[in-house]
Amino acid sequence: MLQYGLIGEKLTHSYSPLIHKALGDYTYDLFEVERDKLANFMETTPFDGLNVTIPYKQACLAYCDQLSPAARAIGSVNTIKRMKDGSLYGDNTDAAGFLHLLKIGNINVKEKKVLVLGSGGSRLTASHVLKEEGAKEIIVVSRQGVNHYDNLDQHEDSQVIINTTPVGMYPYNGASPVALSPFKNLEGVVDLIYNPHQTALLLEAKKRGIPHIGGLPMLVAQAAAASEVFIGQRISDEKIDQIVASIQKETQNIILIGMPGSGKTTVGLALAELTGRKVVDTDHEIEKRTGKSIPDIFKEEGESSFRTYESDVIKQVGALSGVIVTTGGGCVTRLENEASLHQNGVILFLERQLEALDRTNRPLSMGDLASMYEVRSPLYQQFADQTVVNDDQVDVVAKKVLEAFYEIIDR
């Protein structure tokens with residue numbers, strides 16, 4: 001069996017084994033290698049092929065006997081194949097992946113002023129492709145370069161922004177390298193980060209109606225190009241799209257919002273039986289964190305304190321991948337929760353008739369539910385990607401929720 005894998009310093013959350021499993025019939029492992037042990041690994045490990053990630057894309061050039069034109073032009077490798085004579089051939093399939101990302105994101109860079117954030121290896125790839133695609137001007141922004149984050153006002157006429165930095169990547173979700181408000185001419189935003197699926201930068205672009213795309217399709221497309229180098233078998237764009245959708249279905253969260261007592265917990269548990277996913281209930285997480293019941297928090301500290309606890313928990317829970325999240329009915333009253341939930345998930349509004357709502361142990365449900373629903377209904381609609389009506393047996397509703405989740409990802 002041929003032996004392939006990914007070499008890097010930190011690979012805990014890599015999707016690469018999942019992707020390569022779908023691409024070809026070969027073993028694919030993760031090799032976490034410390035910097036001072038890179039030479040020993042490259043010289044003694046009997047691999048057939050490697051993908052290379054941070055921080056070794058440039059360092060591995062020295063071990064390659066031959067380079068592809070792309071690798072030579074970019075000055076880094078992300079794919080290495082051992083040839084029949086034992087020599088190492090280095091390629092850079094990130095270029096093909098980035099070009100695919102621009103294509104499916106409908107991001108046109110020809111004759112555009114493009115702002116590239118970051119000074120690492122991914123910046124080299126992006127700049128190479130942008131030049132080949134006819135970008136009018138490419139401005140590279142780094143912390144210590146001529147163009148840095150304190151003089152971005154000189155480039156507020158940029159039309160496309162490409163983020164190649166790790167700012168906003170898991171587990172540091174919610175951070176953004178720049179605010180988009182000063183850039184009035186923006187026509188596209190690209191973030192090479194793929195975990196979370198929607199970074200803070202992309203969520204801001206979405207809010208402003210700017211075309212945008214995250215890094216998962218690039219990750220899959222470059223892996224497909226690497227697999228072609230490894231085994232010599234052409235992989236279609238349709239196959240790439242299928243793998244992207246499959247990973248999204250597996251890694252994105254299913255998030256249920258709705259009125260108190262609308263059945264979110266019950267439906268969530270049925271979904272867990274249906275999918276094998278873990279259920280994370282935000283109210284339960286708050287109780288674990290505070291050591292108090294929800295009614296006691298309301299009684300002793302008030303609703304405002306509870307909402308702060310809730311937002312903090314939602315930030316943490318929203319950063320998870322591949323879980324079912326059941327939320328408290330009032331989570332929509334703080335608008336920042338929408339971004340925390342949407343970064344890695346599909347939000348579904350579970351709607352139920354008011355007279356069917358369960359009021360047991362729900363402090364805010366003892367009052368006028370009709371008035372509460374009048375206030376919250378527009379917020380549920382604002383947060384949600386789709387509404388699912390809870391008007392049937394729980395297993396039937398759970399299946400409807402799962403169908404809606406798949407439908408949204410397949411769009």
Side-chain angles (χ1 to χ4, degrees), residues 74 94-143 145-169 174-222 237 240-241 244-245 248 338-339 342-343 382 385 408-409 411:
I74 294 168
D94 280 337
F98 183 64
L99 186 59
H100 179 81
L101 192 65
L102 294 178
K103 175 184 172 183
I104 66 167
N106 198 27
I107 308 292
N108 179 22
V109 299
K110 188 176 179 61
E111 296 299 322
K112 309 292 183 183
K113 180 174 181 177
V114 184
L115 203 62
V116 179
L117 307 179
S119 56
S122 296
R123 178 267 302 174
L124 297 172
T125 300
S127 296
H128 170 74
V129 173
L130 292 169
K131 286 177 186 175
E132 290 204 328
E133 290 300 297
K136 180 176 69 175
E137 188 176 3
I138 302 167
I139 306 297
V140 176
V141 179
S142 62
R143 284 174 291 184
V146 174
N147 297 296
H148 50 81
Y149 295 93
D150 293 326
N151 65 4
L152 282 180
D153 57 325
Q154 299 176 19
H155 304 294
E156 290 177 356
D157 59 337
S158 297
Q159 295 157 287
V160 178
I161 290 179
I162 314 288
N163 179 40
T164 72
T165 79
V167 177
M169 183 169 66
S176 182
V178 294
L180 298 181
S181 53
F183 301 94
K184 306 303 182 184
N185 299 329
L186 270 185
E187 301 173 14
V189 175
V190 178
D191 198 330
L192 302 194
I193 291 170
Y194 58 86
N195 185 7
H197 288 278
Q198 296 192 82
T199 60
L201 184 69
L202 294 178
L203 287 168
E204 185 182 357
K206 180 180 179 181
K207 184 177 180 181
R208 296 179 179 278
I210 302 167
H212 58 281
I213 192 164
L216 181 60
M218 175 178 172
L219 179 71
V220 177
Q222 66 79 23
D237 285 351
I240 292 171
D241 294 342
V244 169
Q248 288 178 327
E338 188 268 334
H342 251 144
Q343 63 181 322
Q382 179 180 330
D385 296 293
I408 290 162
I409 287 178
R411 284 176 185 169

Could you state the interatomic distance from [atom1] ([X]) to [atom2] ([Y]), rounded to the nearest 0.5 Å?
{"X": "Leu117", "Y": "Thr164", "atom1": "CG", "atom2": "OG1", "result": "7.0 Å"}
{"X": "Ser176", "Y": "Asn163", "atom1": "OG", "atom2": "CG", "result": "7.5 Å"}
{"X": "Asn195", "Y": "Leu219", "atom1": "CG", "atom2": "CG", "result": "10.5 Å"}
{"X": "Leu216", "Y": "Asp191", "atom1": "CG", "atom2": "CG", "result": "12.5 Å"}
{"X": "Gln222", "Y": "Leu99", "atom1": "CD", "atom2": "CG", "result": "13.5 Å"}
{"X": "His155", "Y": "Asn147", "atom1": "NE2", "atom2": "CG", "result": "3.5 Å"}

For residues [X] and [Y], determine if any side-chain heavy atom of one lies less than 4.5 Å from a side-chain heavy atom of the other.
{"X": "Arg208", "Y": "Ser181", "result": "yes"}
{"X": "His100", "Y": "Val220", "result": "no"}
{"X": "Asp94", "Y": "Met218", "result": "yes"}
{"X": "Pro211", "Y": "Ile107", "result": "yes"}
{"X": "Val189", "Y": "Lys206", "result": "no"}
{"X": "Leu101", "Y": "Leu192", "result": "yes"}
{"X": "Ile210", "Y": "Phe183", "result": "no"}
{"X": "Gln382", "Y": "Glu338", "result": "no"}

Task: salt bridge (Lys or Arg N to Asp or Glu O under 4.0 Å) partner of Asp157, the single match among Lys113, Lys184, Lys136 - done: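 Going through Lys113, Lys184, Lys136 one by one, the salt bridge (Lys or Arg N to Asp or Glu O under 4.0 Å) with Asp157 is satisfied by Lys113 alone.
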
What pairs of donor and acceptor atoms, side-chain ones from residues 122-131 against any protein atom, are under 3.5 angstrom apart with sequence neighbours left out?
residue: Arg123; atom: NH2; partner: Ser119; partner atom: O; Å: 3.4
residue: Ser127; atom: OG; partner: Arg123; partner atom: O; Å: 3.0

Task: Smallest separation among heavy atoms of Val244 and Pro217, with atom names - done: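 Distance-wise, the nearest heavy atoms are CG2-CA, 3.8 Å.
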
Open item on the list: I'd like to know if the side chain of Gln343 and the backbone of Gly174 have a donor-acceptor N/O pair within less than 3.5 Å.
Closed with: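 No, Gln343 side chain to Gly174 backbone: no donor-acceptor pair under 3.5 Å.
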
Open item on the list: Would you say CG of Asp153 has more than 12 non-hydrogen atoms from neighbouring residues, nucleotides or ligands within 6.0 angstrom?
Closed with: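 More than 12 heavy atoms, drawn from other residues, nucleotides or ligands, come within 6.0 Å of this atom.
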
